[in-house]
Amino acid sequence: MRIRLSTPSDTAVLADIWRASVRATHDFLLDADFREIDTLVSEHYLPATRVWVALDAAGRACGFLGLSGAHVDALFIDPASRGQGAGRRLLAHAESIAGRLTVDVNEQNLQALGFYRHMGFTATGRSPTDDAGRPYPLLHMRQE
């Protein structure tokens with residue numbers, strides 16, 4: 001597995017990874033909210049932001065991580081690649097760059113919470129809504 005920075009040509013593939021990952025882990029999202037967030041991610045965030053991309057043995061993107069300072073903005077893995085170390089490798093890469101990390105996780109995303117806890121993160125706070133004010137509580141976590 002290799003990790004590299006994204007290029008503009010990665011946008012469509014990374015948006016597909018985001019969609020598949022969210023569909024597999026965010027069953028609490030209303031369809032209207034999914035569509036709204038999809039537009040933000042695919043048309044605004046990914047085209048404008050360089051993210052770290054995990055590549056599988058065949059050189060195909062299988063996940064990505066967005067990082068602002070030491071804060072993980074995004075970590076999404078293609079469901080077909082889950083359990084193969086891409087998330088762990090991306091987090092280790094981010095930690096090598098930024099030191100101890102923080103992340104905000106949807107409280108209803110039990111799979112992500114389990115992953116981050118397994119990776120040594122603990123909750124430091126909670127918000128009753130997401131960053132856009134939607135009714136999806138966030139847990140604020142920090143790597144110990």
Side-chain angles (χ1 to χ4, degrees), residues 1-125 127 129-132 134 136-144:
M1 186 168 299
R2 203 167 54 90
I3 296 173
R4 65 163 172 78
L5 275 172
S6 64
T7 66
S9 64
D10 292 317
T11 299
V13 169
L14 298 182
D16 286 344
I17 289 171
W18 180 86
R19 287 181 197 104
S21 179
V22 169
R23 287 288 188 209
T25 59
H26 291 63
D27 57 355
F28 52 88
L29 276 182
L30 296 173
D31 282 338
D33 291 334
F34 175 84
R35 288 190 303 274
E36 178 185 341
I37 299 167
D38 181 22
T39 298
L40 292 172
V41 169
S42 63
E43 296 180 16
H44 300 281
Y45 177 73
L46 289 172
T49 307
R50 295 197 67 189
V51 297
W52 294 101
V53 179
L55 304 173
D56 65 16
R60 291 181 302 258
C62 61
F64 68 92
L65 180 142
L67 189 64
S68 294
H71 187 76
V72 176
D73 294 322
L75 175 57
F76 293 94
I77 305 299
D78 185 323
S81 298
R82 287 187 57 202
Q84 298 176 23
R88 178 184 298 271
R89 293 278 309 274
L90 284 164
L91 273 183
H93 183 76
E95 187 179 5
S96 75
I97 293 168
R100 285 202 287 179
L101 304 170
T102 61
V103 66
D104 295 331
V105 181
N106 287 108
E107 185 176 66
Q108 296 146 302
N109 186 346
L110 300 181
Q111 294 175 52
L113 280 175
F115 170 76
Y116 285 112
R117 286 180 176 138
H118 181 74
M119 297 301 297
F121 285 75
T122 58
T124 60
S127 298
T129 61
D130 70 9
D131 293 338
R134 291 180 289 258
Y136 306 115
L138 295 176
L139 287 181
H140 312 294
M141 302 183 85
R142 182 183 64 219
Q143 197 174 34
E144 295 299 322

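Heavy atoms only: backbone and side chains are in, while hydrogens, waters and symmetry mates are out. Numbers here are sequence positions counted from 1.
- Atom CZ of residue F115 and atom CD1 of residue I77 lie 7.0 Å apart, to the nearest 0.5 angstrom.
- The shortest non-hydrogen separation linking V72 to V103 is O-CG2, 3.7 Å.
- Checked by atom type and distance alone, the side chain of S42 pairs as donor or acceptor with a backbone atom of D38 at under 3.5 Å.
- Taking both residues in full, the closest heavy atoms of Q84 and M1 are given as O-CE, 3.9 Å, listed atom of the first, atom of the second, then distance.
- V53 and A61 make their closest contact through CG1-CB, 3.6 Å (heavy atoms, listed as atom of the first residue, atom of the second, distance).
- The line from CG of L110 to CD of E107 is 9.0 Å long, rounded to the nearest 0.5 Å.
- Here CG of L55 is found 8.5 Å from CD1 of I3. Values are rounded to the nearest 0.5 Å.
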Check against side chain to side chain donor-acceptor pair (under 3.5 Å), T124 and H140
CA-CA 6 Å; T124 60; H140 312 294; over 6 Å; no
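- Looking at heavy atoms from C-beta onward, V105 lies in side-chain contact with M141 at the 4.5 angstrom threshold.
- Under a 3.5 Å cut-off, the side chain of R50 and the backbone N or O of L5 do not form any donor-acceptor pair.
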Yes or no on side-chain contact (heavy atoms from CB on, under 4.5 Å) for D33 and L30, after CA distance, side-chain angles and deciding distance?
CA-CA 5 Å; D33 291 334; L30 296 173; 3.8 Å; yes
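- Judged by distance alone, the side chain of D10 and the main-chain N or O of L14 form no donor-acceptor pair under 3.5 Å.
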Side chain to side chain donor-acceptor pair (under 3.5 Å), that's the test. Do N109 and Y136 meet it? Break it down for me.
CA-CA 10 Å; N109 186 346; Y136 306 115; over 6 Å; no
Could you give me the CA-CA distance, side-chain angles and deciding distance for D16 and R60, then say whether salt bridge (charged side-chain N to carboxylate O under 4.0 Å, His left out) is met?
CA-CA 13 Å; D16 286 344; R60 291 181 302 258; over 6 Å; no
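- Under a cut-off of 6.0 angstrom, the local environment of CZ in R142 is sparse, with at most 12 non-hydrogen atoms contributed by other residues, nucleotides or ligands.
- Within the 4.5 Å cutoff, the side chain of L40 has no heavy atoms near those of the Y45 side chain.
- The distance from the CH2 atom of W52 to the CG atom of L75 is 14.5 Å, given to the nearest 0.5 Å.
- The aromatic rings of F121 and Y116 stand perpendicular to each other, their planes meeting at an angle above 60°, with 30° marking the opposite boundary.
- No side-chain N or O of Q111 forms a donor-acceptor pair with one of T25 less than 3.5 Å apart.
- Annotation: side chain of L67 is not in contact with side chain of H71 (no heavy-atom distance under 4.5 Å).
- Within 6.0 Å of the NE2 atom in H118, the count of heavy atoms belonging to other residues, nucleotides or ligands does not exceed 12.
- The closest donor-acceptor contact from the side chain of N106 to the backbone of Q108 lies at 3.5 Å or more, if one exists at all.
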After noting the C-alpha distance and the side-chain angles of H93 and L65, does the key distance pass the side-chain contact (heavy atoms from CB on, under 4.5 Å) rule?
CA-CA 10 Å; H93 183 76; L65 180 142; over 6 Å; no
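- Minimum interatomic distance between A86 and C62 (heavy atoms only, all atoms of both residues): CB-SG, 4.0 Å.
- Heavy-atom minimum distance, E95 versus L101: N-CD1, 3.9 Å.
- Looking at every heavy atom in both residues, L46 comes nearest to A15 through CD1-N, 3.5 Å.
- One distance of note links CG of L29 with CD1 of I37; it measures 5.0 Å at 0.5 Å rounding.
- In this structure, CZ in F76 is found 12.0 Å from CZ in R82, a value given to the nearest 0.5 Å.
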One pair to check against salt bridge (charged side-chain N to carboxylate O under 4.0 Å, His left out): D78 and R19. What are the steps and the verdict?
CA-CA 9 Å; D78 185 323; R19 287 181 197 104; over 6 Å; no
So M119 and Q143, side-chain contact (heavy atoms from CB on, under 4.5 Å) or not? Walk me through it.
CA-CA 8 Å; M119 297 301 297; Q143 197 174 34; 5.6 Å; no
